[in-house]
2 protein chains.
Amino acid sequence: MHNLSLDFLFHPQSIAIAGASETANKFNAGLKFLEGLLAFGYKGKIYPVSPGGGEVLGLKIYKNLKEIPGQVDYVISAIPAQYTPQLVEDAATKGVKAIHFFTSGFSEIESGEGEKLQKEIIKIARRGGIRIIGPNCLGIYCPSGGMTFNPDISRQSGTVGMVSQSGGNAAHCIHEGNSRGIYFSKVISMGNGADLNESDFLEYLIDDPDTKIITAYIEGVRDGPRFLKALKAATKVKPVIIFKVGNSDVGAEVAASHTTAMAGSSKIWEGLLRQSGAIQVHSIEEMVDVTAAFLNMPAPAGRNAAVIGIGGGASVIAADEFINAGLELPRLSLKVRQGLLGIQGSEAGRIFKNPVDVNNFEGPEKFLLTVKAIEASDNVDFLVIQVAYDHFGLISAADKEFLTGVYIYSVIQLKDKVDKPIAVILHSFSANHTKKLALESYDKLSKVGFTVFFSIPRAAVAMSKYIWYQEWLKSHRAGPIKKSAG
Amino acid sequence: MHNLSLDFLFHPQSIAIAGASETANKFNAGLKFLEGLLAFGYKGKIYPVSPGGGEVLGLKIYKNLKEIPGQVDYVISAIPAQYTPQLVEDAATKGVKAIHFFTSGFSEIESGEGEKLQKEIIKIARRGGIRIIGPNCLGIYCPSGGMTFNPDISRQSGTVGMVSQSGGNAAHCIHEGNSRGIYFSKVISMGNGADLNESDFLEYLIDDPDTKIITAYIEGVRDGPRFLKALKAATKVKPVIIFKVGNSDVGAEVAASHTTAMAGSSKIWEGLLRQSGAIQVHSIEEMVDVTAAFLNMPAPAGRNAAVIGIGGGASVIAADEFINAGLELPRLSLKVRQGLLGIQGSEAGRIFKNPVDVNNFEGPEKFLLTVKAIEASDNVDFLVIQVAYDHFGLISAADKEFLTGVYIYSVIQLKDKVDKPIAVILHSFSANHTKKLALESYDKLSKVGFTVFFSIPRAAVAMSKYIWYQEWLKSHRAGPIKKSAG
């Protein structure tokens, strides 16, 4: 069942780029792929291919694949669609193992010509034993193989795999992830999926030892039962985080024009994903939020959160958002609350419920005592520290920066002193010049290993989904589904 | 019914600050209020008051209110709660018109002492003819009156009024608004609302000629029927955008500890707000999004949007989000689509449905032609241009910056050449160094008057709510409610 054989896609020894020409304009796609591989220090041989020949970026351009002297494992096609059948013929002759078609203008367009052409290239490829990625996609990003579709994404390998029916959303997810310290094992932008499709790549990622978390942007699937079977197998061994789109009629129609995917109804998808143990998200940002929780935070023992921070208004919003997301905010015991009163000295301007509104102007020591007192509650599974910049309502920007610095330091010290999992929320850093401070604070907090979110609702939703998967895993590892599943 | 008399709160001729002392620590609240008024160039007289006397920031400190030689219109109290009854007594003797209590430790705390104290100060104030703001709040921000609770918010007056039961959320809203070119007429952080409450301020803002849009952060109301009556009167003459929190049980309980507000059920609130013509939002950011639409964009004639941008994946997400938000994405006519094919030259890599996925690498002229062709559709009420930075998936950061610049320029040119309303979305500027570019692009686009949003769902939700209010207004201005309402 598993496509371990797809390993060859991620570590080819030689790549030909059809359409990387000497006279290319600045934004010529073939040239861009070439630049990307060179920038990434791809270790294998690279062969630019274009009928005019010549030289590009110091490399000889071959007029066609057959002219290339050595073996060609992998071809990137960035030529117009009408020339692709010849390319595949040549690739077959040359013994190429895989072609990635950046080229678009196939089944996804409305003219019947596109579909005819797609069928033709697939037929030639099958005959020649060539696997196809795409057409109409960005292809493969695999830092360990030196493969990329963009020169600026990280060369650092990580443990997150992704299969995406949109190159743009794959790029968005990688950039968003990289900016938050999340790195990838393998990302596949698969476009129309005319040969290798979402099920192939999902099956591959299940057993891929480099991939610990699977993410997927899905517009629709070609073979529902196969995809669901793969999904169920996947979620037993690693979390699968899925952003399923095309849920509206219009979305489904546009998805068909985008990558020919059949979208299906949103209610059905929601149920199927939940039953399969997959975590459904509703944006790329949310996908990265949930991934961040899995990567950096020990799993909370349950849904009971204690939210701690400065600001009554922020505390009320946090209460609504955490409850609405399906988490619990248990009442703190009288003993704990009396302890808090003792530490804080007065109830004025503070709230000793849950969320707890503390006044930390008095420094890190008091903050640590406060957090430890709350952690000691039996009914608290994890802690959430919310840092609300604008909510220092009365003071100047300079003082707010100073206090935020002290506050962030107060949070960082918790890392070694608090055992229960901690999530941190940085929110309401509204003014343009303070957004920079949020990013700096983010970096400081992530560096010591905290999972940090950029808004109260995003934290609530991500934590709820992270915990949901732990619950699902517990009930399905021991339960009857394991027995009945293959 | 209208509290036009509250004008005196916003333009006092003299302010005493109780608790602005010589030996104040850096974060002493009295000192902060004093610094804020000085920084804002408040034109009236300022009298610091503290029992120790002395001098602060070049101003003589009076030992108590009665010692002040001239008239005192307005008092800011930043002294501990136990000393407030004497302060109010002195204020009554002195003929003070209003006291704002920053001081907390009243009804919002659990000890019965707080409630007793609050009743006492209200009793003394009533007897002395003094109106109270708070206690437990930041008070008033009114640039035209030189009044502020923070030295860094804008001195520029605008047309947005706000009443808020949280000082932190008021500050958040102001900072968020200022950073997006939104300015305020009057913001009232009203805390416990022991005397003047949410209904008083709402009634005041209805007739305030400086206020064109009313926003409110509400944890609960003291007098439901009065508040709803005011709300119905308000929405007939200006939009009212309400963020109602405390909708969960826990949220309601925390709200009570925050500002003593009775929250009520979320379903009931949702219905009441809708029937009253108020626009319900679910975060401060959404409040600012909707406000931005009202401030800068002519009202679309209906719900039919055409979304235009680069990126198939972004287009599919836009389709889902716009439809889910209750907007329509009508199919473009065959004629329009053939026109687009003529302009764009090829269907490959593009989608000529709605959302439209264009390839604008070819510059502003082609982009303008494309947008004009779509604008010409009878069934399109407004246009949405989505600019997706990361979705330029293939190219380097330098090239993306260049292309984004060209793209932003291509959008800016539309301002004078397209008649239908246009909303712009800047999204997926994920990497930390590109977030700066998003903010710069935002500024360029807002400067020429575009309403700009930072994500696809935020744009969809804000536009839907903006249009909903136009529909509501149309049906209720002509309809029976106008006749029956006062």
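Note on naming: letters A, B, ... go to the chains in the order of the sequence lines (proteins, then strands), and numbering restarts at 1 for each one.
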Q.
Under 4.0 Å between a side-chain nitrogen and a carboxylate oxygen: does that hold for B/D399 and A/K32?
A. yes
(Q) Quick check on A/K436 against chain B: is it the side chain, the backbone, both or neither that has a heavy atom closer than 4.5 Å? (A) neither
Q: Would you indicate whether the side-chain heavy atoms of B/F402 and A/F27 approach each other to under 4.5 Å?
A: yes
(Q) Out of B/I153, B/N324, B/I317, return the one with the most heavy atom pairs under 4.5 angstrom to chain A. (A) B/I317
Q: Name all pairs fulfilling the salt bridge (Lys or Arg N to Asp or Glu O under 4.0 Å) condition that reach into residues 101-111 of chain A, sequence neighbours left out, sorted by first residue then second.
A: A/E110-B/R337
Q.
Please identify, among B/E321, B/R331, B/E35, the residue contributing the most non-hydrogen atom pairs under 4.5 Å to chain A.
A. B/R331
Q: With a 4.5 angstrom heavy-atom cut-off, could you sort out which part of A/N354 is near chain B: side chain, backbone, both or neither?
A: backbone
Q: Indicate the atoms forming the closest heavy-atom contact of B/K435 with A/S179, along with that distance.
A: NZ-OG, 4.4 Å
Q) A/H282 versus chain B, heavy atoms under 4.5 Å apart: side chain, backbone, both or neither? A) backbone
**Q.** Polar side-chain atom of A/N150 near backbone of B/G393 as donor-acceptor pair, under 3.5 Å
**A.** yes
Q.
Tell me which of these, B/A397, B/G105, B/A431, has more heavy-atom pairs under 4.5 Å with chain A than the rest.
A. B/A397
Q. If you measure from NZ on A/K400 to NE2 on B/H175, what distance do you get to the nearest 0.5 Å?
A. 3.0 Å
**Q.** Structural part of B/F322 lying under 4.5 Å from a heavy atom of chain A
**A.** neither
**Q.** Rounded distance (nearest 0.5 Å) linking atom OH of B/Y442 with atom CG of A/N432
**A.** 9.0 Å
Q) Which atoms of A/L138 come close to chain B, meaning under 4.5 Å heavy atom to heavy atom: side chain ones, backbone ones, both, or neither? A) side chain
Q: Check the angle between the aromatic planes of A/H172 and B/H391 and answer parallel, tilted or perpendicular using the 30° and 60° thresholds.
A: tilted
Q) Most heavy-atom pairs under 4.5 angstrom with chain B, which of A/A318, A/P151, A/A171, A/G312? A) A/G312
Q) Just how far is it from atom CG of A/D320 to atom NZ of B/K244, taken to the nearest 0.5 Å? A) 7.5 Å
Q) Which atoms of A/Y217 come close to chain B, meaning under 4.5 Å heavy atom to heavy atom: side chain ones, backbone ones, both, or neither? A) side chain
Q. Between A/L394 and B/A29, what is the shortest heavy-atom contact and its length?
A. CD2-CB, 3.6 Å
Q. Side chain, backbone, both or neither: which part of B/Y389 has a non-hydrogen atom closer than 4.5 Å to chain A?
A. neither
Q: Quick one: which of B/D443, B/I174, B/I323, B/I109 has the most heavy-atom pairs under 4.5 Å with chain A, could you say?
A: B/I109
Q: Can you tell which part of A/F429 gets under 4.5 Å to a heavy atom of chain B, answering side chain, backbone, both or neither?
A: neither
Q) Does any heavy atom of chain B fall under 4.5 Å from the side chain of A/F102, the backbone, both, or neither of them? A) side chain
Q: Indicate the atoms forming the closest heavy-atom contact of A/S166 with B/G313, along with that distance.
A: OG-CA, 3.4 Å
Q) Got a sec, which residues hit side-chain hydrogen bond (donor to acceptor under 3.5 Å, both in side chains) with A/E328, two or more places apart in sequence or on another chain? A) none
Q: Find the distance between OG (B/S455) and CD (A/E285) and round it off to the nearest 0.5 Å.
A: 7.0 Å
Q.
Quick check on B/R180 against chain A: is it the side chain, the backbone, both or neither that has a heavy atom closer than 4.5 Å?
A. neither
(Q) If we define contacts as heavy-atom pairs under 4.5 Å, which of B/G311, B/A170, B/A319, B/G168 has the most with chain A? (A) B/G168
Q) For the atom pair OG (B/S430) and CG (A/N178), what is the distance rounded to the nearest 0.5 Å? A) 9.5 Å
**Q.** Shortest non-hydrogen contact from B/N169 toward A/A314
**A.** ND2-N, 4.1 Å
